[in-house]
Asker: 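My questions all concern the structure below.
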Amino acid sequence: PEGQREVSDTPQDGIEALRDPAISLRAYGQLIDQASGDARFYDPHAITHKLQETIVGYVSEPPRTEFGQVKWLNLLGYRQGGKSLTAELCGYVKTAYSPGFDAVCIADNRERAEYLHQRVHYCHKRWPEIIRTPTISTREVRQLTFDNEIGGKMRVLTGDGDAVGIGQSPDFFHGSELAYWRKAGEQYSLIYPSMINRDHALMILECTPCPMDAPSAEWWMDKCRDAQRGHGRDLYAFFPFWDGKLNQRPWPKGAQLHKEELQLLELYRDKGLTKENLAFRRLMLDTDPKIRRNPDLFKVYYPFDDVTCWLASAGGVIHPSLLTRHHARRLVPWQPSYMEYEQ
């Protein structure tokens, strides 16, 4: 095909540029803009200040250990920041122009896995035909298999069943929303041996904080803390919710800050929190039924820092405000309703 011949004839320095997401995604990548709903060229700064740029920069020029091994990015961030899609789009350009490259994504469930990969297919179909790497089939849904002389293969699995690791060796592994996998610890133990001795393999693990009743929430919390301490090849990045450019609303005219909002501004203003971000918080408290019933959930899904997000989510089923009146009551000794025959 004409497209294949053109890609094959591209000079090596041109292939290197196409393989670099910092160059090719900005130039050719297209997606549906979250704010407008229109098709737009990819811009890592369109809806985030630093989050998406960090992922692109990691894949473009990954940091290395003192032994020359690529470090692995563990990213903790807020909802709807494009973490998963950005990682997959970066995986797309690496796979499309790297012969034999194997990119694997595990999402938390089948529906989200397919939905995520649909967006990768959307980008692929709109890539300029003259430089688009041909695929071996046009009917693939949860994977893209490229001409093996030019590219490799990318596939998406689910954290509620599928595994990757034994007998495999991914060049790029992306774990999406790990806290919601059924057994993330077991899955990761299968993946880890297949990558630990591969010096150039890339890995991105990402998720929001979440309530501790999520299947793998505790494992994800521990993984973030280990990464923060720099264990092994782990690299850590945290982004508060005001990094998201959509997480703000105009401050109501004449409105006064509540006591709690004043305290939040005092704590986080120097780190970037604004009144417009607090207006977004008011909106979520008013309109999200789950957050309205338990306001502490806001700082779980839209974290202020990477400490209180876990404290809030690990605070238990009973909200502290409900316990206050019980603490003030006089305790009445309990009288057993049975006869004791043996102590």
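The figures that follow rest on heavy atoms only: side chains count, while hydrogens, waters and symmetry mates do not. Please read all numbers here as calculations on a predicted model, not as lab measurements.
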Asker: Using the rule that Ile, Leu, Val, Met, Phe, Trp and Tyr join whenever any side-chain heavy atoms are under 4.5 Å apart, tell me whether Ile47 and Leu273 fall into a single cluster.
Answerer: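 No, because Ile47 and Leu273 fall into different hydrophobic clusters, even though each may have its own neighbours under 4.5 Å.
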
Asker: Answer yes if Val104 and Met195 sit in the same cluster of Ile, Leu, Val, Met, Phe, Trp and Tyr residues linked by side chain heavy atoms under 4.5 Å apart, and no otherwise.
Answerer: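 Same cluster: Val104 reaches Met195 through Ile, Leu, Val, Met, Phe, Trp or Tyr contacts under 4.5 Å.
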
Asker: How about Asp288 and Tyr301: does a side-chain donor come under 3.5 Å of a side-chain acceptor?
Answerer: no

Asker: Quick one: pull up NZ in Lys83 and CD in Gln52 and give me the separation to the nearest 0.5 Å.
Answerer: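 Atom-to-atom, Lys83:NZ and Gln52:CD are 10.0 Å apart.
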
Asker: Could you tell me how the ring of Phe241 sits relative to the ring of Tyr302: parallel (under 30°), tilted (30 to 60°) or perpendicular (over 60°)?
Answerer: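 The rings of Phe241 and Tyr302 stand perpendicular, inter-plane angle above 60°.
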
Asker: Tell me every residue that passes side chain to side chain donor-acceptor pair (under 3.5 Å) with Thr48, counting only those two or more places apart in sequence or in another chain.
Answerer: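 If we apply the side chain to side chain donor-acceptor pair (under 3.5 Å) test to Thr48, skipping adjacent residues, there are no hits.
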
Asker: Compare every heavy atom of Gln187 with every heavy atom of Thr158, then report the nearest pair and how far apart it is.
Answerer: O-NE2, 3.8 Å

Asker: Are Pro303 and Phe238 side-chain neighbours, meaning at least one heavy-atom pair lies under 4.5 Å?
Answerer: yes

Asker: List for me each residue that meets side chain to side chain contact (heavy atoms under 4.5 Å, CB included) alongside Gln248, sequence neighbours excluded, and say none if there are none.
Answerer: Glu276, Asn277

Asker: Among all residues two or more places apart in sequence or in another chain, which pass the side chain to side chain contact (heavy atoms under 4.5 Å, CB included) test with Ala103?
Answerer: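 Ala103: side chain to side chain contact (heavy atoms under 4.5 Å, CB included) contacts with Thr95, Phe101, Met154, Phe172.
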
Asker: Does one side chain, of Asn109 or Tyr180, offer a donor that lies under 3.5 Å from an acceptor on the other?
Answerer: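 Judged by distance alone, the side chains do not pair up.
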
Asker: Any donor-acceptor pair under 3.5 Å linking the side chain of Trp242 with the backbone of Lys271?
Answerer: yes

Asker: Do the side chains of Phe173 and Ser194 get nearer than 4.5 Å, heavy atoms only?
Answerer: no

Asker: How far does CG of Leu51 sit from OG1 of Thr86, to the nearest 0.5 angstrom?
Answerer: 7.0 Å

Asker: If hydrophobic clusters are built from ILVMFWY residues whose side chains come within less than 4.5 Å, do Leu264 and Leu285 share one?
Answerer: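 Yes; tracing contacts between hydrophobic side chains, which count when under 4.5 Å, links both residues.
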
Asker: Checking one residue: Phe67. Which other hydrophobic residues are in its cluster under the side-chain 4.5 Å linking rule?
Answerer: none

Asker: Of all the heavy-atom pairs spanning Tyr28 and Pro128, show the shortest one and how long it is.
Answerer: CD2-CG, 3.4 Å

Asker: Tell me the closest heavy-atom pair linking Arg155 and Lys153, and the distance in Å.
Answerer: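 The pair with the smallest heavy-atom distance is CD-CE, 4.1 Å.
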
Asker: When hydrophobic residues are tied together by side-chain contacts of less than 4.5 Å, even through go-betweens, does Leu257 share a cluster with Tyr268?
Answerer: yes

Asker: Is it possible for you to say whether Trp127 and Tyr122 belong to one hydrophobic cluster, with membership spreading through side-chain heavy-atom contacts below 4.5 Å?
Answerer: no

Asker: Taking all atoms of both residues into account, what is the closest heavy-atom pair of Lys299 and Cys309, and its distance?
Answerer: O-CB, 3.4 Å

Asker: Please list, one pair per line, the donor and acceptor atoms closer than 3.5 Å that link side chains of residues 15-27 to other protein atoms, with sequence neighbours excluded.
Answerer:
from	atom 1	to	atom 2	distance (Å)
Glu16	OE1	Arg19	NH1	3.4
Glu16	OE2	Gln12	NE2	3.2
Glu16	OE2	Arg19	NH1	3.1
Arg19	NE	Tyr97	O	3.0
Arg19	NE	Ser98	OG	3.1
Arg19	NH2	Tyr97	O	2.8
Asp20	OD1	Ala22	N	3.0
Asp20	OD1	Ser60	OG	2.7
Asp20	OD2	Ser60	OG	3.3
Ser24	OG	Leu18	O	2.9
Ser24	OG	Asp20	O	3.1
Arg26	NE	Ala22	O	3.4

Asker: Taking C-beta and beyond as the side chain, do Trp219 and Glu186 meet within less than 4.5 Å on heavy atoms?
Answerer: no

Asker: Go through the structure and list residues passing side chain to side chain contact (heavy atoms under 4.5 Å, CB included) with Ile196, not counting sequence neighbours.
Answerer: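 Trp72, Tyr192, Arg233.
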
Asker: Side chains of Thr208 and Glu177: closer than 4.5 Å at any heavy-atom pair?
Answerer: yes

